[in-house]
Amino acid sequence: MIGALEGIRVLDFSQMMMGPWATQLLGDLGADIIKVERPKVGEWERGLETMGQLLEGDSPFFLAMNRNKRSLAIDLKHPQSRAIIETLAAEVDVVVENFRPGVLDRLGYGYERLSEINPRLIYCAASGYGSTGPYARRPGQDLLIQALSGMAAHSGRASDPPTPAGTAICDAMASMMVACGILAALQARTHTGRGQKVEVDLLSTAIAVQCQEAVAYLNGLPRWERSEAGIAQAWLGAPYGIYPTCDGHLALAMNSLGVLGELLHLPEVAAYEGDPHRAYSDRDRIKRLLETRLRERRTGEWLELLATRDVWCGEVKDFEGVFSDPQVVAREIVTTVKHPRIGELKLIRAPIVFSETPATVRRPPPLVGEHNAEILRELGYDETAQARLGAEGVF
């Protein structure tokens, strides 16, 4: 089947998650992704150990975000590399990079130069803080952004230190903004015939992700504080949070305290129904009452009971539970691809389903420079020319 982005070509200079996860999604949707890497060692994340280990020489983090790409490993600082990159820039639709602002400009591969070569080019520059402002040259990384954006300060109990999320949520959201921005610019090009520069930064994205809370704060609602009992979000009241049961944990979202009090035989909880101000003020008391009751039975029993009144709840699972969950299995969220070193490699499919142009996994994550010969041949470099480039240290 033809992918939604069949015929779109992307030159991808990006590393880590912000950028690579976005270009992987574009690749899943049918685009041809040419990933530019350092010779021999590849991009930085290939060597990022996970729990002190790599998976047959590559980081699982790299493998998670680089399928459906072809690897071109060249030294961007080598003078002979410029002709290769400029030839590619003339042919591709999109360039993606997430270096600190100015790095590719100094190498001669910035937006101004490449858009001269190809006025239809979409050039997406992703960074920590954007191209202007006092932080523009600072290192941007997910934990730093969670800290600076206020995200970490609002998680956990009041007695806990600021608590970051358990995954790179800022990188992930910014990566989706990269994909969104590129797709919007491609659509705009169908009307104007021109490309443009797209900028996405981690800090802006992290603040935008908190738009609900930010709007409450900016418009004068009372300051909120984290709860002592562990309400999951500082700006909400009970029962929102995680509760221990006798064999695990249960999550309760926004729910009627009247219904919960009735089902759990807690009239003191039900008495808060219809009085949101008091329920918020007493949220720690309510949570502890619920905790005491929910510890009395197994998670499965509570889920069955709460389902009788459509209470918003769910079991808290680790990955062992997640990937045996019948819904996860039914939706085929895990997919596999054959990797040249690892063999069968399990990956997470694109979280979008199309009826006519489905996302597909056509290539495993590439080895470093695996497609050098193929890509250079497409650009008109015969075996003799490629051998000369190799001898000169281009790759």
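Everything quoted here is computed from the prediction, not taken from an experiment.
- Atoms OG1 and CE, from T205 and M173 in turn, are 7.5 Å apart once rounded to the nearest 0.5 Å.
- D382 places a side-chain N or O within 3.5 Å of a backbone atom of A385 that can act as its donor or acceptor partner.
- Remark: Q24 CD to L29 CG distance equals 10.5 Å, nearest 0.5 Å.
- Taking every heavy atom of both residues into account, Q210 and A206 meet most closely at NE2-O, 3.1 Å.
- Of the candidates L26, V92, V94, N66, I33 forms a side chain to side chain contact (heavy atoms under 4.5 Å, CB included) with just one, namely L26.
- In Y280, the OH atom is crowded: over 12 heavy atoms of neighbouring residues, nucleotides or ligands sit closer than 6.0 Å.
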Subject >> Residue pair L144, Q141: steps toward the side-chain contact (heavy atoms from CB on, under 4.5 Å) verdict >> reply: CA-CA 5 Å; L144 307 181; Q141 187 274 338; 3.8 Å; yes
Original post:
For E97 and S14, what are the C-alpha separation, side-chain angles and deciding distance, and is it a side-chain hydrogen bond (donor to acceptor under 3.5 Å, both in side chains)?
Top reply: CA-CA 5 Å; E97 60 100 345; S14 66; over 6 Å; no
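- With a 4.5 Å cut-off on side-chain heavy atoms, P244 and R295 count as touching.
- No donor-acceptor distance shorter than 3.5 angstrom exists from the side chain of D171 to the backbone of I169, with no hydrogens or angles considered.
- In this structure, the side chain of Q15 does not engage the main chain of E43 through any donor-acceptor pair within 3.5 Å.
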Subject >> side-chain contact (heavy atoms from CB on, under 4.5 Å) between V103 and R106, intermediate numbers included >> reply: CA-CA 5 Å; V103 170; R106 290 192 293 273; 3.5 Å; yes
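- The backbone N or O of A22 sits less than 3.5 Å from a side-chain atom of S175, completing a donor-acceptor pair.
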Subject >> Steps toward salt bridge (charged side-chain N to carboxylate O under 4.0 Å, His left out) verdict (D32, R70) >> reply: CA-CA 8 Å; D32 176 22; R70 298 190 289 165; 2.9 Å; yes
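- Pairing each heavy atom of E45 with each of M17, the nearest pair is OE1-N, 3.9 Å.
- By the 4.5 Å heavy-atom criterion applied to side chains, L250 and C313 are counted as neighbours.
- V269 is connected to W302 through a chain of hydrophobic side-chain contacts under 4.5 Å among Ile, Leu, Val, Met, Phe, Trp and Tyr, so both are in one cluster.
- Side chain of T357 to main chain of G3: no donor-acceptor pair is present (N/O by atom type, distance under 3.5 Å, no hydrogens or angles).
- Summarising the geometry of G130 relative to P101, their closest heavy-atom pair is O-CG, 3.6 Å, with the distance given to 0.1 Å.
- Within a 6.0 Å sphere centred on CD of E304, heavy atoms belonging to other residues, nucleotides or ligands number 12 at most.
- The shortest distance between side-chain heavy atoms of Y272 and I286 falls below 4.5 Å.
- Side-chain atoms of T336 and E344 include no donor-acceptor pair closer than 3.5 Å.
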Original post:
Does the salt bridge (charged side-chain N to carboxylate O under 4.0 Å, His left out) test come out yes or no for E86 and R113, once each step is laid out?
Top reply: CA-CA 9 Å; E86 291 188 348; R113 173 57 185 152; 3.0 Å; yes
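- Judged by distance alone, the side chains of S204 and D201 do bring a donor and an acceptor atom under 3.5 Å apart.
- Side chains of Q196 and R189 form no contact here, defined as non-hydrogen atoms less than 4.5 Å apart.
- A 4.5 Å side-chain heavy-atom check between D93 and I122 finds every atom pair outside the cut-off.
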Subject >> salt bridge (charged side-chain N to carboxylate O under 4.0 Å, His left out) between E228 and R288, worked out >> reply: CA-CA 10 Å; E228 290 290 347; R288 291 185 176 111; 5.3 Å; no
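- In this structure a side-chain-to-backbone donor-acceptor pair under 3.5 Å is missing from R349 to T335.
- A donor-acceptor pair is defined here as one N or O able to donate and one able to accept, closer than 3.5 Å; no such pair exists between the side chain of E56 and the backbone of R341.
- Side chain of E370 to main chain of L367: a donor-acceptor pair is present (N/O by atom type, distance under 3.5 Å, no hydrogens or angles).
- Connection of F354 to I2 is not established within any shared hydrophobic cluster, with ILVMFWY side chains joined at heavy-atom distances below 4.5 Å, either directly or through further cluster members.
- Side-chain contact check for L345 versus K338: every heavy-atom pair is 4.5 Å or farther apart.
- Here the side chains of H249 and E315 are not in contact, with every heavy-atom distance at 4.5 Å or above.
- The hydrophobic cluster containing L389 also contains I74, counting ILVMFWY residues as joined when their side-chain heavy atoms lie under 4.5 angstrom apart, directly or transitively.
- Judged purely by distance below 3.5 Å, without hydrogens or angles, the side chains of E199 and S131 pair a donor atom with an acceptor atom.
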Subject >> Check against side-chain contact (heavy atoms from CB on, under 4.5 Å), W312 and S256 >> reply: CA-CA 10 Å; W312 293 5; S256 162; over 6 Å; no
Subject >> Derivation and outcome, salt bridge (charged side-chain N to carboxylate O under 4.0 Å, His left out), residues R377 and E383 >> reply: CA-CA 8 Å; R377 187 166 56 249; E383 291 185 4; over 6 Å; no
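- In terms of modelled atom types and a separation under 3.5 Å, the side chain of R362 and the main chain of N68 share no donor-acceptor contact.
- Screening residues 147-203 for ring pair (Phe, Tyr, Trp, His ring centres under 6.0 Å), with sequence neighbours left out, gives H154-W224.
- Clustering ILVMFWY residues whenever any of their side-chain heavy atoms sit less than 4.5 angstrom apart, transitively, puts L379 in a cluster other than the one holding I8.
- Using a distance-only test at 3.5 Å, with no hydrogens or angles considered, no donor-acceptor pair links the side chain of N98 to the main chain of S127.
- Judged by distance alone, the side chains of E49 and S59 never bring a donor and an acceptor atom under 3.5 Å apart.
- Y129 is listed as a side-chain neighbour of L148, based on a closest heavy-atom distance under 4.5 Å.
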Original post:
Could you go step by step and tell me if L11 and V96 meet the side-chain contact (heavy atoms from CB on, under 4.5 Å) rule?
Top reply: CA-CA 6 Å; L11 185 59; V96 181; over 6 Å; no
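- Between M18 and A174, the shortest heavy-atom contact is CE-CB, 3.7 Å.
- A donor-acceptor contact under 3.5 angstrom links the side chains of D142 and Q146, judged on distance only.
- Smallest separation of non-hydrogen atoms from L266 and L289: CD1-O, 3.9 Å.
- For the atom pair D12 CG and E37 CD, the distance stands at 9.0 Å (nearest 0.5 Å).
- For R194, the CZ atom sits in a loose shell: 12 or fewer heavy atoms of surrounding residues, nucleotides or ligands are nearer than 6.0 Å.
- Residues T299 and D247 have side chains that bring a donor and an acceptor to within less than 3.5 angstrom of each other.
- Cluster annotation: L114 is not connected to V10 through the hydrophobic network of ILVMFWY side chains, with a link wherever side-chain heavy atoms come within less than 4.5 Å.
- We find the CG-CD1 distance between L252 and I242 to be 8.5 Å, quoted to the nearest 0.5 Å.
- Within 6.0 Å of atom CZ in R9, more than 12 heavy atoms from other residues, nucleotides or ligands are found, so the atom counts as buried in its surroundings.
- The closest side-chain donor-acceptor pair between T23 and K69 falls under 3.5 angstrom.
- For the residue pair C170 and L202, the shortest heavy atom distance occurs at O-CD2, 3.6 Å.
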